[in-house]
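Below is one structure; the comments refer to it alone.
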Protein chains: 2
Amino acid sequence: MEQLNATAYVILGFVRGEPRSGYEIKALVDNSTRFFWAASYGQIYPELKRLTEAGLIVGSDVPTGSRKRTVYEITADGEEELRAWLRQPPQTFEMRDEGLLKLFFADALPREEGLEILRSMKAQRLAIYERLRAIEQMKGELEDPFPMIVLRGGLEFTQWFAQWCERMEAQLLDAAPEKRSK
Amino acid sequence: MEQLNATAYVILGFVRGEPRSGYEIKALVDNSTRFFWAASYGQIYPELKRLTEAGLIVGSDVPTGSRKRTVYEITADGEEELRAWLRQPPQTFEMRDEGLLKLFFADALPREEGLEILRSMKAQRLAIYERLRAIEQMKGELEDPFPMIVLRGGLEFTQWFAQWCERMEAQLLDAAPEKRSK
DNA sequence: GCCACTATATATCGCTTCGATATATCTGCA
DNA sequence: TGCAGATATATCGAAGCGATATATAGTGGC
């Protein structure tokens, strides 16, 4: 069998336990893994086909009235494939942070405007913090432990980042106090 | 003028100060912004053309022997465009972390193997820490302050992440001490 | 002087991913 | 009854990424 991509494992992970439609999977992704692994319809639907052909999931038609709806569940092979992947050491780690990029080039601006970038970044973090908090409230205690650990990790990281912005702002003000009054 | 993408500003940022070839820009990116904003040759060379057409940079041919070489420098318009972008609040923030993804689905594994994911993630962070340290050593004190602030931030973040992995491992061992001896 | 290897330099191709949108049906509720 | 919003599947174009092709320049070893 061909190598599966990570999005395939996102699907396997979400159809494990209970059957899901492509639409449901997309909604689950958008409220959870999307912060560290996004997936679009353009990936999900073709991937559901491939996984079905590979025998890792099976679909059943469960129409609602006259609207067709296919839910997929994981097969024994699929479970095994998922576990095998989970046992491999993770590779990919990527980030795209426009804030850090701007900060990196901030020497092109007068000092005061460089500080403004740090303030924007902090505000951005705080906004994300609220979104994650809302998700945390939504999920009860009922979940498997690991998704909650990851969510709490996201909250901690976001807080850490916001504080880093604050610290760097203070540090720059200390380093050039004569610019303060400008 | 059409909207520029972030890669265009990476180029503007790097040709500011001194003229650079496409090859040099790629090398600079790979040792700095690549950790939060990567760029490939496939983006850089076409972008150099677009920026030239837009009058934001100008190229001059500086051949070495019979090998052609074009270095680009920023124009006054380019400087202004860069500063205008730096003043906009940053938007994009994305992450793809295969480790967090695996951790999220770790309930599919026996507890001990879930802990193994955290150990791999920690090891991965420590490896990145060493790479960043090497870059820090390489750069002297001579730089503009902001690139160094961002680099040190990367080091701090990497350390924080490694410690988080450690803490989560300990927490899980505490929560299920009966599994410890398995 | 020659060879092998690496660095410099530009260019391009295929694949994946992203975001947006098209199409259609169902539900809630004013 | 109407219609906004949720459910469901599918697809397209643009952008990004990694790898590689092509070529020349420098460098170290023999």
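Proteins get letters first, then strands, A, B, ... in listed order; numbering begins at 1 in each.
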Roughly, in whole Å, what's the span from [atom1] in [X] to [atom2] in [N]?
| X | N | atom1 | atom2 | answer |
| --- | --- | --- | --- | --- |
| B:R20 | C:dT8 | CZ | P | 13 Å |
| A:Y23 | C:dT27 | OH | C1' | 12 Å |
| B:K68 | C:dA7 | NZ | C1' | 18 Å |
| A:K26 | C:dT17 | NZ | C1' | 11 Å |
| A:Y45 | C:dT17 | OH | C1' | 17 Å |
| A:E47 | C:dT16 | CD | C1' | 11 Å |
| A:R69 | C:dT27 | CZ | P | 12 Å |

Got a donor-acceptor contact below 3.5 angstrom from the [X] side chain to the [Y] backbone?
| X | Y | result |
| --- | --- | --- |
| B:K26 | B:A39 | yes |
| B:Q124 | A:Q91 | yes |
| A:D107 | B:F146 | yes |

When all nucleic acid strands are considered with a 4.0 Å heavy-atom cut-off, which category describes [X]: base, sugar-phosphate, or nothing?
| X | result |
| --- | --- |
| A:R96 | sugar-phosphate |
| A:G22 | sugar-phosphate |
| B:S21 | sugar-phosphate |
| B:A27 | nothing |

**Q.** Pair B:R96 + B:E94: basic N to acidic O under 4.0 Å
**A.** no
**Q.** Start and end of the DNA chain D segment that chain A contacts, any atom under 4.0 Å from a heavy atom
**A.** D:dA6 to D:dC17
Q: Each residue besides B:V58 in its hydrophobic cluster should be listed here, by chain and number; the cluster joins Ile, Leu, Val, Met, Phe, Trp and Tyr at side-chain heavy-atom distances under 4.5 Å.
A: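 Reading the cluster by chain and number, B:V58 sits alone, since nothing else belongs.
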(Q) Is it true that A:E47 and A:T7 share a donor-acceptor pair across their side chains at a distance under 3.5 Å? (A) no
Q: Output yes when at least one side-chain N/O atom of A:R67 is less than 4.0 Å from OP1 or OP2 of C:dC26, else no.
A: no
Q.
Please compare B:L48 and A:Q43 by the position of their nearest nucleotide in DNA chain C and report the one closer to 5'.
A.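 Per heavy-atom nearest nucleotide, the more 5' residue is B:L48.
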Q. With a distance cut-off below 6.0 Å to the six-membered ring centre and an angular limit of 45° from the axis, does B:R69 pair with B:Y23 as a cation-pi contact?
A.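 Because its charged atom misses either the 6.0 Å distance or the 45° angle limit, B:R69 does not stack over B:Y23.
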